[in-house]
Amino acid sequence: MIKTGSQHIAGLNDGRAVYIDGERAADVTTHPAFRNAVASVGKLFDFAQANQELMTFETPEGGRANRIWQLPFSYEDLKQRRQGLEAWTELHGGFLGRAPDHVASCIAGMYMGLEVFEAYDPKRAGALADYYKYARDNDLYLTYVIINPQADRSKSAAQQQDPFLSAGVVDRDAEGLTIRGAKMLATGGIMADEVLVTCIQPLQPGDEKYAFSFAIPMNTKGLKVMSRKSYEASAPDVFDNPLASRFDENDAVLFFDDVKVPWDRVFVVDSLEMCQKQFHATPAHVYQNYQAMIRLSVKLRFLMGIARRTAEMNGIIGFPQVRDTLGQLCAEADMVDAFVHAMEAKGTQRGAYFVPDRHSLYAAQALTQQMYPRLVTAMRDLAGGGLIMLPSSVKDFANPEIASIIEKTQQSPVAGAQERVKFFKLAWDALGSEFASRHTQYEMFYAGATFVTKGHSFRTYDWDRSAGILDRMLASYSL
């Protein structure tokens, strides 16, 4: 099944318990805090429906499925899937960090390492295999919650003041698990079909009741979705906030109020070791973050468009120092694109599947976490006061007296006043608004703290090859 946008949107009006501003949202598809973002996701599914050669693949069982669920058997498969993901990402400029292709990549990566699950527990492996096919064949949009609430970071989950601050198993029976407590961070969860719930953080002995992995629908009884502030709700007009008004993912905390999880949805239980293995002993962690780098490469291309247009709007494109800044920015942006291609070119066969290169991914993560805030600052420096010397809202154009002043004061050598204002409103929403600030924070930390990504880079680098070159050089001369 390849969903249409209207089918996806209709499926979200399912009684899910979403709370915002002290109230429960009756219908997230029409609520002013969420409706435009929901509509944007709907357009993704419509695009896939209308471009099936680009956006779908033939499954081994027959029929076609969304390419987000594709398992690459070759280098060419990997590239073909990436081209589809790039086209999808261009629809939102990379500002939906957890669009449907992200967690689909995680589940697909786990399935590619199914033998790891089989060695752990054949029944849990069977549940995962069935779920991958179910999610693929129903074109599901998944989010995930894979970290525990921050609370006292010096203590393990079991050592917190409330033993069920973090979601844990409170009971089990022949039907399944009962889960109580909180998990974060359900980015995109309000407009997703289902959620993968597990823990990517290392757990300690004594934390066994928090060591699980399962997937459930977002409308499961007892599941409460606590949304952060909606930037969309504060951006009523697309002209004034073209990104925040349409692409706000609404991060959320999930609270499990004795939620029942059936056994056929449970992939890991009671295993500290398997919680880590599901990500790092399978292609899951690499495959999901390879998708994130595809998204970031598209986002940076979009931002480069803003950077150059800024210089053109202000008539400074010919200044040597401006070209120097733009040259640095586009070099860094293209570095991410090069990393994506390197992950593919250096990929390796893992059984039947061809998977991206692990160290190229972690090198990209370690560098881009540091690069993104620098890039945003450089672009804001390039724009200067143009980002804030703007009319208060689109309503100013409706007042003839104010509109005439706008025509005089919003001058550009390459555009009329309305076009200039439209552009800089977009640039501010991408670089300086509250929505933009959230994105800077997201790009800095979605992959984990910097010491985490640098640690991944350290562990996966080919140190033996480097040592071999060094040792051969040392052996080539003597006292």
Side-chain angles (χ1 to χ4, degrees), residues 3 8-9 11-20 25 28-29 31 33-34 37-42 44-45 66 68-69 85 88-89 92 94-110 128 131-132 134-136 138-149 167 179 182-201 212-220 222-228 230 232 247-256 259 261 265 267 278-279 284-285 287-289 291-292 295 438-439 442 445-448:
K3 276 195 301 194
H8 176 72
I9 292 169
L12 301 181
N13 187 17
D14 57 6
R16 60 188 60 200
V18 176
Y19 295 87
I20 186 168
V28 297
T29 69
H31 194 284
F34 314 120
V38 168
S40 294
V41 170
L44 295 181
F45 286 105
N66 195 315
I68 65 177
W69 297 99
L85 267 54
W88 234 27
T89 304
H92 55 82
F95 281 89
L96 290 178
R98 205 171 295 169
D101 43 344
H102 184 66
V103 181
S105 299
C106 176
I107 298 291
M110 289 180 178
L128 174 64
Y131 185 75
Y132 163 76
Y134 170 79
R136 178 198 68 190
N138 288 277
D139 208 3
L140 295 188
Y141 174 7
L142 273 79
T143 185
Y144 58 24
V145 280
I146 58 177
I147 57 175
N148 293 324
I179 305 295
K183 294 289 288 189
M184 55 186 284
L185 196 57
T187 302
I190 288 157
M191 48 198 182
D193 297 306
E194 301 206 0
V195 57
L196 171 66
V197 185
T198 187
C199 193
I200 198 171
Q201 298 162 300
F212 48 68
S213 180
F214 61 81
I216 55 173
M218 289 297 298
N219 69 338
T220 300
L223 179 60
K224 294 179 171 63
V225 184
M226 317 297 291
S227 175
R228 61 149 166 79
S230 168
E232 178 182 321
F247 305 121
D248 183 17
E249 297 178 290
N250 278 289
D251 315 282
V253 171
L254 297 190
F255 185 76
F256 296 79
V259 171
V261 182
R265 290 301 195 93
F267 317 134
Q278 67 180 333
F279 289 107
H285 196 249
Y287 207 48
Q288 73 188 49
N289 286 298
Q291 177 279 332
R295 177 196 59 80
R438 178 264 176 195
H439 268 270
Y442 181 85
F445 291 106
Y446 81 86

Lys183 meets the salt bridge (Lys or Arg N to Asp or Glu O under 4.0 Å) criterion, sequence neighbours left out, with none

Stepwise side-chain contact (heavy atoms from CB on, under 4.5 Å) test for Val145 and Leu185
CA-CA 5 Å; Val145 280; Leu185 196 57; 5.8 Å; no

For the residue pair Arg295 and Tyr446, would you count it as a cation-pi contact if the rule is NZ or CZ under 6.0 angstrom from the ring centre and within 45 degrees of the ring axis?
yes

Got a second to check how far Asn289's CG is from Gln291's CD, nearest 0.5 Å?
8.5 Å

Student check: side-chain heavy atoms of Glu194 and Tyr131 closer than 4.5 Å:
yes

With a 4.5 Å heavy-atom cut-off, do Phe256 and Val261 have their side chains touching?
no

Gln288: which residues meet the side chain to side chain donor-acceptor pair (under 3.5 Å) condition with it, sequence neighbours left out?
Tyr144

Axial cation check for Phe45 ring with Lys3, 6.0 Å and 45° limits:
yes

Do the side chains of Arg265 and Thr220 get nearer than 4.5 Å, heavy atoms only?
no

Ser227 versus Phe34, closest heavy-atom pair with distance
OG-CE2, 3.9 Å

Any side-chain heavy atom of Met191 sitting closer than 4.5 Å to one from Leu12?
yes

Please identify each residue that fulfils salt bridge (Lys or Arg N to Asp or Glu O under 4.0 Å) with Asp101, with sequence neighbours left out.
none

Worked check of side-chain contact (heavy atoms from CB on, under 4.5 Å) between Val18 and His31:
CA-CA 11 Å; Val18 176; His31 194 284; over 6 Å; no

